[in-house]
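Some notes on the structure that comes next.
Just so we're clear, the structure is a prediction, and the values are computed from it rather than from any experiment. Only heavy atoms go into these numbers, but all of them, side chains included; no hydrogens, no water, no symmetry mates. All residue numbers in this chain count up from 1 along the given sequence.
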Amino acid sequence: MITYIIILGVVVTISIITIIFLTIRAKYKLYSIKVEEAENNIEALLNQKKALLYSANDMLNKLNEEETLTTLEKINEIEISTFKFSELLNDSVNEFNNIIEGKKAFIPDEGDTDLINDMSLNSMNCEACERYYNCNAEELNKLLHSFPTNLIGKLSGYKEKGLYTWKKEEIFEILKN
């Protein structure tokens, strides 16, 4: 009788440990899928932003042949991470906006307005995807840093994810004035 109780206790304990393991592993998979989905969306949006910036650069060249986006040139010079790529593209968008705001006599035609609107929409979509990525990457990173989930994560080969950052442009604008 005692043997059956011990065997039952071992089976129950192993079952509980297995359920905990599978639950934690499912969390890892869920956050990994969400992060991967966000990475794919971000990559597509960043490539779209790059194409829009080349069009914006062409628009600036038509306005004034000496005017170009200097930050756009840095993008093609070196192999960079997605985080740095995003940062450089955002710098290029800010540079473009500053140039356009500085041209008092600039009256955009319909194509220019569409381009500016597309760039604005793309920037909002990029930031939304980056925030979605950050939320899920933070959750994944929390799992990797807390016990006992970190053991399962390390055994399963999960690695910590980097996070996107944004500059506070409003603060810079206030300081300029």
Between N122 (side chain) and L45 (backbone), is there a donor-acceptor pair under 3.5 Å? yes
Evaluate the side-chain proximity of I2 to I6: yes if any heavy-atom separation is below 4.5 Å, no if none is. yes
Any side-chain heavy atom of F85 within less than 4.5 Å of one from N47? yes
Backbone of T113 reached by a side-chain donor or acceptor of N117 within 3.5 Å: yes
Looking at OG of S55 and CE of M59, how far apart are the two atoms once the value is rounded to the nearest 0.5 Å? 10.0 Å
Judged by modelled atom types alone, do E130 and S86 share a side-chain donor-acceptor pair under 3.5 Å? yes
How about N90 and K49: does a side-chain donor come under 3.5 Å of a side-chain acceptor? yes
Euclidean distance, F147 CZ relative to I152 CD1, rounded to 0.5 Å: 9.0 Å
E43, CD: over 12 other non-hydrogen atoms inside 6.0 angstrom: no
CD on E95 to CG on L53, rounded to 0.5 Å: 9.5 Å
So, the side chain of N98 versus the backbone of N94: is there a donor-acceptor pair under 3.5 Å, distance only? yes
Are I20 and Y158 connected into the same hydrophobic cluster when the rule is that any two of I, L, V, M, F, W, Y join if their side-chain heavy atoms are below 4.5 Å apart? yes
Validation row: I42, C126 side chains within 4.5 angstrom (heavy atoms): no
Are the side chains of I100 and D112 in contact, using a 4.5 Å heavy-atom criterion? no
Might you work through the side-chain contact (heavy atoms from CB on, under 4.5 Å) test for E39 and T82, ending with a clear yes or no? CA-CA 9 Å; E39 286 173 333; T82 305; over 6 Å; no
Note: K142-E138 ion pair, threshold 4.0 Å (strictly below): no
Between C129 and N41 the two heavy atoms that sit nearest each other are SG-CB, 3.8 Å
With a 4.5 Å limit on heavy-atom distance, are the side chains of F96 and V93 in contact? no
Strictly by ring-ring contact (aromatic ring centres under 6.0 Å, His included), give each pair with a member in residues 2-26 just once, sequence neighbours left out. none
Regarding T149 and S146, is there a side-chain donor-to-acceptor distance under 3.5 Å anywhere? yes
Are Y28 and V35 linked, directly or through intermediate hydrophobic residues, by side-chain heavy-atom contacts shorter than 4.5 Å (ILVMFWY only)? no
Can any side-chain N or O of N141 pair as donor or acceptor with the backbone N or O of K161 at less than 3.5 Å? yes
Rounded distance (nearest 0.5 Å) linking atom OG of S123 with atom CG of D118: 10.5 Å
Do you reckon L155 sits in the same ILVMFWY cluster as L143, going by side-chain contacts under 4.5 Å, direct or chained? no
In short, K34 meets N136 closest at the heavy-atom pair CD-OD1, 3.0 Å
Determine whether I116 and L89 fall in the same hydrophobic cluster, where Ile, Leu, Val, Met, Phe, Trp and Tyr are linked whenever their side-chain heavy atoms lie under 4.5 Å apart. yes
Flag yes if L30 and L140 sit in one hydrophobic cluster, no otherwise; membership is Ile, Leu, Val, Met, Phe, Trp, Tyr, and two members link when side-chain heavy atoms are under 4.5 Å apart. no
Pair listing, ring-ring contact (aromatic ring centres under 6.0 Å, His included) test, anchored in residues 112-145, at least two apart: Y133-Y164
CD1 of I19 to CD1 of I24: how many Å apart, nearest 0.5 Å? 12.0 Å
Which pair of heavy atoms, one from A137 and one from G162, lies closest together, and at what distance? CB-O, 4.2 Å
